[in-house]
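To start, the structure under review is shown below, and the notes come after it.
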Amino acid sequence: MEVNNLTLDNQKKELEDIAPELLKKEKKERDFSLPDLPNGEKGGVVTRFPPEPNGYLHIGHAKAAIVDYEYARMYDGKFILRFDDTNPDNAHLEFYDAQKEDLKWLGIDWDEEYNTSDNIEKHYKLAEQLIRQDHAYVCTCDSDFIKECRFNGKECDCRCIESGESLDIWKEMISSSIQGAILRLRGDMTCVNTAMRDPTLFRIIEKEHPLQGDKYRVWPTYDFSGAVEDSLSGVTHPFRTKEYELRDECYFKLLDLLGIRKPHLMEFARLSIEGMPVSKRKIKPLIDKGDVLGYDDIRLPTLRGLKKRGILPEAIKKFVIEQGISKVESSVTFGLLEAANRKIIDPITKRYFYVSNPVKLTVDNAPHKEKKIDYYPRDKKLGSRTIETDKIFYVEKQDMEKLKVGDIFRLKDLFNVKIINKNNNIIGEFVSEELIPDSLKIQWTTDRFVNLNVFIPHLLFINDKFNNKSLEEVKGYAEESISNIKKEEIVQFERFGFVRVENVNKKLTGFFTHK
RNA sequence: GCUCCCGUGGUGUAGUCCGGCCAAUCAUUCUGGCCUUUCGAGCCAGCUACUCGGGUUCGAAUCCCGACGGGAGCACCA
C-alpha cells in the first residue's frame, strides 16, 4: 500500500493499528559530557593549559582550563599546567601564583607544572638545528620593512645569507648585545596564508624576566614555543581558540622540520558573554579610571569577580561543558550561568528576611511573640532561628505602596495585619494568626535589625558603551541573625534574590548573585 | 583587499565527518497552568529553528557549487 498517499491523520491511525509503540516519543536524555576525542585512548591522553602569567584568569581561561582538565580526567590521562612566559614584557611574578589560586578555586588540579621559560636552552638548540638545516635565518630588517614584504610577498636580502653566517649572528644575538635581529622561519613569502610568510621564531627582548632574571635576551615567539612545548612535553591533544587557526600550518611545519612528534591540535571558539568583556584592553582603563573597583569587581567575568558575586565553580564547570567545544562564535547571556548556579545553590542556601528601602510599620495590638522559623523549610538540616517580635516592624516601601487602608496582608511566617493608616506613619492592626490562602506574604524585620547594603551588578557594557549605572547599591535592613554568618555565605533573601554576604570585622556587605 | 573559520528557535547547544531512526536534542528565556507561608525552587503544557538559491540522490540540517551574513588572521602579543 502507498503510505504516502494517505493523509497524515490516516497514516497515524494506520500506524496505531500496526505498531502503536512507534507513536510514543520517548524523551532522549542528552548527556552533557564532552564529545570523544579523536584517537583518544584510555591512559594515553595528555592535555595542557598554557596561560601567560599576565593577569587574573577569567571565564574564557576557565573554558580552556576546564576542557583541558576534563579531557585528561575523562581518559585517565595527564593534565599539565604550563606558564607560557616567553615574553618578559608581559610576564609578572604575582600572576603565576594568582593564576594557580584561581585554578584551584575552580577545582582544577594539575599533574605537572612547569614554565616555558625553563626550557629556553632547549629552544636555542632546536633553533640552531633549524639554522643549520637552512630552515631558519637571521633577519636584520626593520619591522616596517618586514611587514611590507609580508604584505607584498617579497623576500628580503637577509633570506639569502648562508646558514653559517646566520648561525654566527644567531650566536651573537644570544651572547652579545647586538640589537635589531630576529630569527625567522624560511617559509614561503608567497603563500596565501600570511602566517607562513617567514614568521618570526625568536626576537630580542632585554628585560628582566620574573623567573629567569637577565639570563636570556633572545626569546621564542608563541609560534615556536607553543609548538615545540606541546610536542616535547608529550601533549597529545592541545586545544586553542579559533583565532590561531591560520597558524596551524606553521605549527605543523615547524614540528616537521624539527623532526619531532606532532600532537592532534584542535580549536574552539572563544567564549564571550553579552555585555561582559573579557579583554584587558577594555577592562584595564575602567579600573584605572575607577569605574570598576578592581579585577574582583562583581561586574567582571574574572574568576575573582564571579567568586565575589557568589557564582560557584561547579556552576562555571557545568556552564562551560554545556557550551562545549564548538567553533561557532556566539555571545552567551549571563543568564545561562545564573541558571546553572541557581540550581546548585537553591537547595543549600538559608533563607533570610531582608527589607530593602525599609519603612516602619507599627502594629499596636500585636501580640508579643518568640517565633522559631526554619532557615529553609524544605531542609530542616539548615537549622532555624528564633525571632522576638513586638509592635514595631520594618517592611519594604514597595510592598506598602501596593496596599490600601483596609487591606490585609501577612508578615510571612508570623501573622496577618490589616492596614489602618498610611498617612505619616504606617499603622497596622493585628488580625489573626492562621494563614489566609492567597494572601500577600511579605518579609519583615523587627526593630532589632542590622544595616546591610547590597551591591547589584548590571551589564558593564550596553551597546559597547560603558554602563555607568552598572553597579547599583541598595540600602536595607536584614534580620539580626544574618550577623551570625561566618566570613562569607551565600544566602537567599526571600523575595529579593540570592546574595553573597560578607562579614568582615562585624561589617556586613551583600553582593547580589542573581534572582 | 587577500586568506581561513563559522551559519540549527529570543539565546546557547546536539545532530553534519559516515545522507534515511530528524514531523530535529537538551538547556535557558518567554507565555499559561499546578504546587508552594518567597517574586526562589519544583511539576505540567505551549510558542519559536536547519541563512538563501541551485545541484546530486528514491531520500539532504547532513554531500557538492554559488550567494549572503557573522567572526578571525594578515605582530619582533599570546
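Residue numbers start from 1 in every chain, and the chains themselves are labelled A, B, ... in the order their sequence lines are given, proteins ahead of strands.
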Is any side-chain N or O of Lys327(A) closer than 4.0 Å to OP1 or OP2 of C4(B)? no
Would you mind classifying the nucleic acid contact of Lys515(A) as base, sugar-phosphate or nothing, using non-hydrogen atoms under 4.0 angstrom? sugar-phosphate
Determine: side-chain N/O of Arg342(A) to OP1/OP2 of A41(B), distance under 4.0 Å, yes or no. yes
With nearest nucleotides of RNA chain B determined for Glu396(A) and Asn90(A) from heavy-atom distances, which residue corresponds to the more 5′ nucleotide? Glu396(A)
At 4.0 Å (heavy atoms only), tell me whether Gln492(A) reaches a base, stays on the sugar-phosphate, or touches nothing. base
Rounding to an integer number of Å, can you tell me how far Asp413(A) CG sits from U37(B) C1'? 6 Å
Which label fits His58(A) and His61(A): parallel for a plane angle under 30°, tilted from 30 to 60°, or perpendicular past 60°? tilted
Contact class for Glu52(A) (heavy atom, under 4.0 Å): base, sugar-phosphate, or nothing? sugar-phosphate
With hydrogens left out and only the distance checked, is there a donor-acceptor pair under 3.5 Å joining Tyr244(A)'s side chain and the base of A72(B)? no
Relative to each other, are the rings of Phe202(A) and Tyr124(A) parallel, tilted or perpendicular (30° and 60° limits)? tilted
Looking only at side-chain atoms of Lys343(A), point me to the closest of U28(B), A78(B), U3(B). U28(B)
Kindly point out which of C39(B), G42(B), C76(B) is positioned nearest to the side chain of Arg495(A)? C39(B)
Return the value, rounded to whole Å, for the distance between atom CG of Leu440(A) and atom P of C39(B). 9 Å
Ala195(A) near the nucleic acid: base, sugar-phosphate alone, or nothing, with a heavy-atom cut-off under 4.0 Å? nothing
Who does C74(B) pair with, Watson-Crick or G-U, both distances under 3.5 Å? G1(B)
Remember a base hit wins even if backbone is also touched, and classify Leu336(A) as base, sugar-phosphate or nothing at under 4.0 Å, heavy atoms. sugar-phosphate
Reckon Asp399(A) touches a base, only the sugar-phosphate, or nothing at all at heavy-atom distances under 4.0 Å? base
Quick one: does Arg500(A)'s side chain have a donor or acceptor within less than 3.5 Å of a partner on Ile311(A)'s backbone? no
Would the number of heavy atoms belonging to other residues, nucleotides or ligands and lying under 6.0 Å from CG of Asp157(A) be above 12? no
Is there a side-chain polar atom (N or O) of Ser326(A) under 4.0 Å from OP1 or OP2 of U13(B)? yes
Of the nucleotides U37(B), A75(B), A78(B), which one has an atom closest to the side chain of Leu435(A)? U37(B)
Phe202(A) CZ - A78(B) C1' separation (whole Å): 15 Å
Sugar-phosphate only, base, or nothing, as touched by Cys191(A) at under 4.0 Å among non-hydrogen atoms: nothing
Correct closest heavy-atom pair for Val355(A) and Glu396(A) would be CG1-N, 3.4 Å
Do Phe409(A) and Val417(A) come within less than 4.5 Å of each other through their side chains, counting heavy atoms only? yes
If you pin Phe151(A) and Lys441(A) to their nearest nucleotides in RNA chain B, which one's is more 5'? Phe151(A)
Assign the ring pair Tyr394(A) / Phe449(A) to parallel, tilted or perpendicular, where the plane angle (0 to 90°) is split at 30° and 60°. perpendicular
Residue Asn87(A), side-chain heavy atoms: nucleotide from U3(B), A78(B), G12(B) that is nearest: A78(B)
Which part of the nucleic acid, if any, lies within contact of Tyr376(A), taking any heavy atom under 4.0 Å across all strands shown: a base, the sugar-phosphate backbone alone, or nothing? base
Ignoring backbone atoms, test whether Ser331(A) places a side-chain nitrogen or oxygen under 4.0 Å from the OP1 or OP2 oxygen of U11(B). no
Phosphate OP1/OP2 of U13(B) contacted by Ser330(A) side-chain N/O (<4.0 Å): yes
For C74(B), does OP1 or OP2 lie under 4.0 Å from any side-chain N or O of Thr194(A)? no
Is any side-chain heavy atom of Tyr375(A) less than 4.5 Å from a side-chain heavy atom of Val491(A)? no
Answer for the Watson-Crick or wobble partner of G69(B), both distances under 3.5 Å, is C6(B)
By nearest atom, which of the nucleotides U13(B), U38(B), C76(B) is closest to the Arg351(A) side chain? U38(B)
Checking base pairs now: Watson-Crick or wobble, both atom distances under 3.5 Å. What partners G40(B)? none
Under a 3.5 Å cut-off for both contacts, is U62(B) paired Watson-Crick or G-U wobble with anything, and if yes, with which nucleotide? none
Kindly say if Arg378(A) contacts the phosphate of C35(B), meaning a side-chain N or O under 4.0 Å from OP1 or OP2. no
When all nucleic acid strands are considered with a 4.0 Å heavy-atom cut-off, which category describes Thr349(A): base, sugar-phosphate, or nothing? nothing
Within the modelled atom types, does a donor on one side and an acceptor on the other bring the side chain of Glu329(A) and the base of G70(B) under 3.5 Å apart? yes
In whole Å, measure the gap between the P atoms of C74(B) and C30(B) for me. 40 Å
Measuring from the side chain of Lys371(A) (C-beta onward, heavy atoms only), which nucleotide among A78(B), G73(B), U37(B) has the closest atom? U37(B)
Have a look at Phe496(A) and say if it touches a base, only the backbone sugar-phosphate, or nothing, with a 4.0 Å heavy-atom cut-off. nothing
